[in-house]
Protein chains: 2
Amino acid sequence: MASGAEGIVDVTKPSPTARERIVAGAADMISRRGLNATSIRETAKHARAPLGSTYHYFPEGKQQLATEAVRFTGAWAARSLRRELEAGPVAGLRAFLDLWRGIVVDSDFRAGCPVLAVSIEEPPAGETPTALAAAAGVFEEWEGLLAGSLREHGVEPEQAAQLATLIVAAVEGTVAMCRAKRSTQPLDHTAAQLQALVLGAITD
Amino acid sequence: MASGAEGIVDVTKPSPTARERIVAGAADMISRRGLNATSIRETAKHARAPLGSTYHYFPEGKQQLATEAVRFTGAWAARSLRRELEAGPVAGLRAFLDLWRGIVVDSDFRAGCPVLAVSIEEPPAGETPTALAAAAGVFEEWEGLLAGSLREHGVEPEQAAQLATLIVAAVEGTVAMCRAKRSTQPLDHTAAQLQALVLGAITD
DNA sequence: GCGGCTTTATGACAGTCGTTATAAAGCACG
DNA sequence: CGTGCTTTATAACGACTGTCATAAAGCCGC
């Protein structure tokens, strides 16, 4: 059975609740198949939870589940990013890259970023689904963390914001390219370029 | 009705055949909803072609249609890229960025890149769908064009290859971020950073 | 033990999906 | 006129979808 979710699940908690398992499993499945191809039935089965439970925990249905999956992944990456950024932007960048490299490699190039997957689903006319808004928020959180660290190391605010956007966008795009090519070479290329870029931007 | 396909269709050809309309429409729909959410029925309706015609022109079904849609988009972007790169890597980069900016803006942040959309669909166990392989080929073609131009302007081969990967990945990721945020600001950030990067890398 | 809440279980609804089969229509060529 | 090929039309197949309703089970504090 698909076992990629374990990479995202917080292993410090020994026995996650059924609700947490559903969210983590949904994040994993969305990162593999996209939002539309992820059915609530399989999500429940993947978490060994009954279908009824899904609508018990997420009464607003699929949108709510997707929204929580996006936020879950966002917080998971932000946690790691925040921790590693204490050692500076280069260390944070490396951690961010390694995080997604792990997802891609461990899944044999079958999983990626669920936030990206949700971002490229066409919203219904006239409205913005909560999951899409959550994806925008996650991107902003990641960018904010990176930009803040860059500023703390002497990068001008505007330059820091631009560079943070580039980092997040490049990593997301690179993960997708790695999946298509079934190779980590794009990640190697992007890592080298981004590291040199950050090194040249900071003042220490 | 959705009218984003016109941006991709070659307007120099006055009356595209039914087959071409189906492919262009499929590329547009995949760029909006992803591969799985794009049904053959709607693809046919979108191209004002009967469902039966779809299986007449694409006897291998959805995979074949997706493959041709990916290649179609890849060739369309490569054509523009090749033309603008004659004026140098900076001009090529700008054209590549503007190309996708147009898709995003004209669709009111509802469309993106179908190549990326196909790249993030989980392949069936053990095999690589032709559409996914086509996506990898398109990425490689775009990277090759950019890297070649960079080399012609004095960039070392390895550096050129890495920078080309970064450009393609960043643009793809940025387009997705623009859709989530419903804003072109990510593209502005990425454009500024990539332009400065290319300018600093070339020798003229 | 026992009400009252949370969670699970089961089944059904109307709809869409990819795909195939079969037949009708359009149409160029001799 | 007719023959043969391309294209369209229509219907059907089994499978899957999100969602909801309803009932059973589990489990808490009292």
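Among the atoms of the strands shown, none is found under 4.0 Å from any heavy atom of A:Glu60. Nucleic acid contact class of B:Gln63 (heavy atoms, under 4.0 Å, all strands): none.
Checking A:Ile40 against B:Leu51, the closest nucleotide of DNA chain D that is more toward the 5' end is the one next to B:Leu51. When each of A:Gly52 and A:Thr38 is assigned the nucleotide of DNA chain D with its nearest heavy atom, A:Thr38 is the one assigned upstream, toward the 5' end.
For the pair A:Tyr57 and C:dT8, the criterion of a side-chain N or O lying under 4.0 Å from OP1 or OP2 is met. OP1 or OP2 of C:dT8 sits under 4.0 Å from a side-chain N or O of A:Ser53. Within the structure, a side-chain polar atom (N or O) of B:Ser39 is placed less than 4.0 Å from OP1 or OP2 of C:dC17.
Of all nucleotides listed (C:dT7, D:dA9, D:dT17), C:dT7 comes nearest to the side chain of A:His56. Here C:dT19 is the nucleotide among C:dA9, C:dC17, C:dT19 with the atom lying nearest to any side-chain atom of B:Tyr55.
When rounded to the nearest whole Å, the span between CG of A:Leu65 and P of D:dG18 equals 10 Å. Residue A:Asn36 contributes atom CG, which lies 11 Å from atom C1' of D:dG18 at whole-angstrom precision. If you take CZ of B:Phe58 and P of C:dT19, they are 13 Å apart, rounded to a whole angstrom. The distance from atom CZ of B:Arg19 to atom C1' of D:dT7 is 13 Å, rounded to the nearest whole Å. Separating the CD atom of A:Glu42 from the P atom of C:dC17 is a distance of 18 Å, rounded to the nearest angstrom. For the pair B:Glu121 CD and C:dC17 P, the interatomic distance rounds to 15 Å; values are reported in whole Å. The distance from atom CZ of B:Arg21 to atom P of D:dT7 is 12 Å, rounded to the nearest whole Å. Distance CD (A:Gln64) to P (D:dG18): 15 Å, rounded to an integer number of Å.
For the side chain to side chain contact (heavy atoms under 4.5 Å, CB included) test with B:Arg101, the passing option among B:Val171, B:Leu187, B:Asp106 is B:Leu187; the others fail. Each of A:Thr165, A:Val198, A:Leu163, A:Val168 was compared with A:Leu146 under the side chain to side chain contact (heavy atoms under 4.5 Å, CB included) criterion, and only A:Val168 meets it.
Salt-bridge annotation for A:Arg82 and A:Glu141: present, with a side-chain N of the basic residue lying under 4.0 Å from a carboxylate O of the acidic one.
No more than 12 heavy-atom neighbours from other residues, nucleotides or ligands sit within 6.0 angstrom of CZ on A:Arg94.
For D:dT19, its base sits under 3.5 Å from the side chain of A:Arg41 at one donor and acceptor pair at least.
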Is there a side chain to side chain contact (heavy atoms under 4.5 Å, CB included) between B:His189 and B:Met177? Walk through the geometry before answering.
CA-CA 11 Å; B:His189 283 188; B:Met177 286 174 70; over 6 Å; no
